There are 4 protein chains.
Amino acid sequence: MANLTKMEARKTQILRTAERIFGKKGFQDTTISEIAKEAKISEASIYEYFSTKEGLLFSVPTKNASELFKLMKFHLRLIRGAANKLRSIIYILLSTNEKSPDNASIVMLILKHNKKFLNSEGHLEIKKGLKIIDETIQEGINAGEFRNGINVYLTRSIIIGTIEHLVTSWLMTERPESLVHMADPLIDTIIEGIQSKTK
Amino acid sequence: MANLTKMEARKTQILRTAERIFGKKGFQDTTISEIAKEAKISEASIYEYFSTKEGLLFSVPTKNASELFKLMKFHLRLIRGAANKLRSIIYILLSTNEKSPDNASIVMLILKHNKKFLNSEGHLEIKKGLKIIDETIQEGINAGEFRNGINVYLTRSIIIGTIEHLVTSWLMTERPESLVHMADPLIDTIIEGIQSKTK
Amino acid sequence: MANLTKMEARKTQILRTAERIFGKKGFQDTTISEIAKEAKISEASIYEYFSTKEGLLFSVPTKNASELFKLMKFHLRLIRGAANKLRSIIYILLSTNEKSPDNASIVMLILKHNKKFLNSEGHLEIKKGLKIIDETIQEGINAGEFRNGINVYLTRSIIIGTIEHLVTSWLMTERPESLVHMADPLIDTIIEGIQSKTK
Amino acid sequence: MANLTKMEARKTQILRTAERIFGKKGFQDTTISEIAKEAKISEASIYEYFSTKEGLLFSVPTKNASELFKLMKFHLRLIRGAANKLRSIIYILLSTNEKSPDNASIVMLILKHNKKFLNSEGHLEIKKGLKIIDETIQEGINAGEFRNGINVYLTRSIIIGTIEHLVTSWLMTERPESLVHMADPLIDTIIEGIQSKTK
DNA sequence: CATGAATGAGCCTTCATTCAT
DNA sequence: AATGAATGAAGGCTCATTCAT
């Protein structure tokens with residue numbers, strides 16, 4: 001038990017270091033050697049816990065995503081109305097990315113475009129999150145809150161695509177301002193559209 | 001003149017080959033050796049036309065983007081109404097990416113997340129395209145066609161983010177269905193919103 | 001300890017092989033690949049012990065020079081008279097170069113003309129040797145054995161320059177005859193001059 | 001004839017440029033491309049005049065040496081006494097090297113240690129110069145000016161070796177002070193030796 | 001004669017990964 | 001369980017040289 005705990009601590013230490021360095025330098029420019037040095041562990045020991053460099057990379061967001069969607073589900077139980085739920089979802093996604101920019105970099109700049117990741121455990125977690133959004137949109141349709149004709153997949157794509165774009169732009173620049181302040185206008189625009197009502 | 005043409009042809013041949021291979025295999029997994037072999041040219045000759053592997057990568061989308069936005073501007077002159085213009089822009093962007101998946105891969109999966117590319121000529125061309133969108137949104141606001149309170153940057157982010165997400169998802173999967181059929185429902189949703197009118 | 005010994009042995013093995021090949025082929029014409037093959041070690045392993053090809057080159061004469069000057073100092077303690085000491089120094093220098101022509105080539109043909117080497121550890125060792133000569137000349141002046149007006153730096157330059165020239169010429173040709181037999185006439189000429197006494 | 005002159009001018013232009021760049025950067029770090037650019041001529045044209053990069057290098061000192069030894073012979077006719085002649089030779093050699101440090105670098109730092117150069121035309125010229133020294137020493141012996149027992153080859157080696165050493169040291173450092181002021185003490189020391197007469 | 005254009009050949013260095021201890 | 005040590009594999013880039021025009 002003590003040993004198990006110790007091993008868990010080492011694994012966590014590796015993951016935390018990997019998140020920081022992968023997040024700052026990207027996959028190619030990060031070396032196992034650097035992670036090992038920063039984590040104060042031998043290179044060989046990293047391979048005791050993770051089979052490959054890519055496996056280590058994939059492991060970083062898995063736990064994070066899992067925790068995120070648990071949190072999301074918990075919050076959504078307290079909220080009534082699909083629009084309010086979507087607002088909450090968007091807020092949580094933006095603020096989570098803002099709070100963990102290294103993890104955000106790994107997901108948004110590295111893994112989103114890695115075909116191998118599509119079949120990994122980490123991506124499964126992310127798919128669960130997408131399902132929550134889909135269900136919420138469907139709930140809004142069923143409740144008459146959203147238009148009957150809207151396409152669930154497209155609507156989710158608008159939400160996710162916009163968040164990804166905002167987060168990515170934020171990550172790629174000097175990150176001067178907060179992301180979360182975009183949540184409200186974003187959900188408003190998606191729900192109400194941009195068309196003038198007077199028309 | 002004959003020589004100029006010949007050299008232009010060689011350069012174009014390199015670019016076409018690079019586009020194909022970079023698009024299919026990504027930056028790291030593509031070797032100059034492979035491009036040279038496929039383009040039936042020596043490796044050293046590639047360095048006569050492009051100073052580095054990264055420079056070659058950056059050069060691929062530059063010309064494509066330039067041509068795209070010329071075309072876009074040309075079309076937009078013929079269209080009245082900001083909504084119609086946005087519809088056209090979205091259609092052109094989706095169909096262009098669909099027609100050139102390799103170029104799309106380079107832009108969406110490789111360069112969008114490369115900080116060095118942000119300051120390159122190719123990115124300047126892309127910025128010009130974003131400006132067209134911004135101007136069209138502003139035009140809609142000025143004409144009373146769009147709501148006065150909407151945020152131009154956010155609206156553009158919704159449009160671009162969604163397109164990027166749709167294209168990226170399409171690129172990352174088996175690409176079973178057409179992208180362009182999403183243009184109309186996408187612009188409709190953005191303009192009208194998802195809220196039920198009966199509410 | 002066993003490991004240390006093993007690693008020391010490998011390092012020595014690399015150095016010996018590098019000395020042989022650098023000495024015979026020069027710096028540019030020697031490849032790390034060849035050294036690795038001859039030393040029966042992988043190329044990558046060489047980089048475990050030496051950071052660059054140039055670093056390996058510089059390391060070759062460092063140890064040799066260090067041992068040489070220890071030996072020289074030891075011998076000089078047994079000798080009385082500055083002239084006799086200079087004779088011994090010249091003899092040791094000529095015979096050392098003759099016994100280790102590869103190391104001599106590295107020093108005389110490669111490193112003596114490398115500005116980067118001037119600031120390296122290896123050159124520091126060589127400077128110590130020059131200091132021994134200077135001190136011996138000064139000792140001869142102080143003892144009245146040598147003329148009072150002679151220039152220590154120039155005298156040392158004559159000794160070193162002549163030795164370098166003799167060794168270099170010997171290295172550049174087929175090396176038919178021995179170097180050491182020049183030691184006695186050389187020191188005699190330097191001490192007595194070439195002027196006819198009858199004059 | 002006009003053409004011949006023009007070609008001679010181009011060849012000289014290449015040689016002058018090559019001397020400057022080889023002298024400052026050494027052989028390996030000098031590229032044909034750089035010489036061509038500096039000489040305002042195409043790379044291919046250099047190969048019209050010189051067969052290889054090494055051939056160009058070898059050509060630089062050839063003409064210089066030829067002119068030097070013509071000058072030397074001319075001067076020596078005016079001088080009586082072997083010691084005076086040697087003094088003049090040393091002075092001319094030191095001042096020539098000091099006046100043309102780029103050529104000096106090529107000879108002292110590059111070519112002196114190049115075995116191929118030993119058989120080249122440029123080295124033949126240098127050998128002629130050595131012969132002048134040998135003859136002068138022999139002349140001094142025959143005239144009773146120098147000791148009968150001295151070794152001509154060794155004496156010449158002392159002279160040449162010391163000059164090479166002084167010039168090389170001067171080239172390798174910041175060249176703060178003049179070389180020629182060493183000529184007189186050098187020849188004095190060689191002729192008179194360093195031994196105290198009182199002894 | 002001059003050169004623009006093309007290339008063959010070559011090599012140092014990095015690093016993820018393995019394995020004996 | 002932990003790691004020091006070793007390496008296989010890989011690739012971008014340079015440049016002297018050639019040759020058709």
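This structure is a prediction, so every number in the text was calculated from the model and none was measured. Naming: A, B, ... by sequence-line order, numbering from 1 per chain.
Among residues two or more places apart in sequence or in another chain, the side chain to side chain contact (heavy atoms under 4.5 Å, CB included) test is passed with D:Ala18 by D:Phe22, D:Ile35, D:Leu56, D:Val60. By the salt bridge (Lys or Arg N to Asp or Glu O under 4.0 Å) test, B:Glu54 pairs with B:Lys116, sequence neighbours left out. Checked against salt bridge (Lys or Arg N to Asp or Glu O under 4.0 Å), A:Lys115 has no partners two or more places apart in sequence or in another chain. Every residue two or more places apart in sequence or in another chain that forms a side chain to side chain contact (heavy atoms under 4.5 Å, CB included) with D:Ile110 is listed here: D:Phe27, D:Leu57, D:Ile106. Listed by chain and residue number, A:Arg10, A:Ile41, A:Ser42 satisfy the side chain to side chain contact (heavy atoms under 4.5 Å, CB included) test with A:Ser45 (two or more places apart in sequence, or in another chain). Residues satisfying the ring pair (Phe, Tyr, Trp, His ring centres under 6.0 Å) criterion with B:Phe117, sequence neighbours excluded, are B:Phe58, B:His123. In terms of the salt bridge (Lys or Arg N to Asp or Glu O under 4.0 Å) criterion, residue partners of C:Arg20 (sequence neighbours excluded) are, by chain and number, C:Glu38. A search for salt bridge (Lys or Arg N to Asp or Glu O under 4.0 Å) contacts involving C:Lys53 returns nothing, not counting sequence neighbours.
Rounded to whole angstrom, the span from the CD atom of A:Gln28 across to the C1' atom of E:dT14 amounts to 12 Å. Whole-Å rounding puts the C:Glu34 CD to E:dC12 C1' distance at 15 Å. The distance between atom OH of C:Tyr47 and atom P of F:dA10, rounded to the nearest whole Å, is 18 Å. Between B:Phe50 atom CZ and F:dG12 atom P there is a gap of 15 Å when expressed in whole angstrom units. Rounded to whole Å, atom C1' of F:dG8 lies 17 Å from atom CD1 of C:Ile32. The CG atom of A:Asp29 sits 13 Å away from the C1' atom of E:dC15 (whole-angstrom rounding). The distance from atom NZ of A:Lys37 to atom P of E:dA16 is 12 Å, rounded to the nearest whole Å. The CG atom of A:Leu56 sits 11 Å away from the P atom of E:dA16 (whole-angstrom rounding).
Contact annotation for C:Ser51: no contact, since no heavy-atom pair falls under 4.0 Å across all strands.
Helical stems involving DNA chain F, defined as 3 or more consecutive Watson-Crick or G-U pairs under 3.5 Å, span E:2-21 with F:2-21.
Note on residues 101-110 of chain D: pairs passing salt bridge (Lys or Arg N to Asp or Glu O under 4.0 Å), not counting sequence neighbours, are D:Lys24-D:Asp102.
Among E:dT13, F:dT18, F:dC13, the nucleotide with an atom closest to any side-chain atom of C:Lys53 is E:dT13.
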Table of protein N/O atoms under 3.5 Å from nucleotides 6-10 of chain E N/O atoms:
residue	atom	partner	partner atom	Å
E:dA6	OP1	B:Arg10	NE	2.8
E:dA6	OP2	B:Tyr49	OH	2.7
E:dT7	OP2	B:Arg10	NH2	2.9
E:dT7	OP2	B:Ser42	OG	3.3
E:dT7	OP2	B:Ser45	OG	2.2
E:dT7	O5'	B:Ser42	OG	3.4

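The stretch residues 15-25 of chain B has no heavy atom under 4.0 Å from DNA chain E, so no residue of it qualifies as close.
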Assess whether salt bridge (charged side-chain N to carboxylate O under 4.0 Å, His left out) is satisfied between A:Glu34 and A:Lys25, documenting all intermediate values. CA-CA 11 Å; A:Glu34 185 178 3; A:Lys25 311 180 77 165; 3.1 Å; yes
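Listed for the D:Ser100 side chain is no donor-acceptor partner under 3.5 Å among the backbone atoms of D:Asn103.
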